[in-house]
Amino acid sequence: MLIQEVLTDVPAPEVIQRAREFFTLRLTPYGAFDEDSSDHHIKLATEAGDLTIGTGTQDGRTLVRGSTSRLHHELSQFLSTLAPPEEVRQNHPGAGSSGAG
């Protein structure tokens, strides 16, 4: 599981709405379906796997964190629409972090 995050000035509900539009309308051939969502998170399902995006606050800005097992490039593309690409960070959790080992 790869985790990517970015700090943005976009409010959390707008981040979630943008994610919904980005992944359900633009992501072809892997059209996404909204499985679960609120003003602060969204879980999407695609043929290529699941994608989860959550928001929080850090230093008065919106922290957006996304995780996916296969849609790394697509997640990076979305996060770069929220802030300059050099601010998008990724994290490779160690063994056991995903519950897989």
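The shown structure was predicted, so the numbers you read here are calculated from the model rather than taken from an experiment.
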Do we see a donor-acceptor contact under 3.5 Å between the side chains of S37 and R20?
yes
For the CD1 atom of I53 and the NZ atom of K43, what is their distance to the nearest 0.5 Å?
13.0 Å
Answer whether the closest heavy-atom distance between the side chains of T81 and Q77 falls below 4.5 Å.
no
What's the spacing between L63 CG and T8 OG1 if we round to 0.5 Å?
10.5 Å
Over all atoms of both residues, closest heavy-atom pair of A48 and R70:
O-CD, 3.1 Å
Give, for atom CG of L82 and atom CD of E14, the distance between the pair rounded to the nearest 0.5 Å.
9.0 Å
Gap separating the CG atom of L75 from the CZ atom of F23, nearest 0.5 angstrom
5.5 Å
Starting at OG1 of T46, measure out to CG of L71 and round the result to the nearest 0.5 Å.
4.5 Å
Is there a donor in the side chain of H41 and an acceptor in the side chain of S38, or the other way round, less than 3.5 Å apart?
yes
Is it the case that the side chain of T55 and the backbone of H40 share a donor-acceptor pair, with hydrogens and angles ignored and the cut-off at 3.5 Å?
yes
Taken to the nearest 0.5 Å, the spacing of H72 NE2 from L51 CG works out to 10.5 Å
Check: G60 main-chain N/O paired with T57 side-chain donor or acceptor under 3.5 Å:
no
L44 and A19: which non-hydrogen atoms are nearest, and at how many Å?
CD1-O, 4.5 Å
Give me the one residue out of I42, V10, D34, D39 that meets side-chain contact (heavy atoms from CB on, under 4.5 Å) with I16.
I42
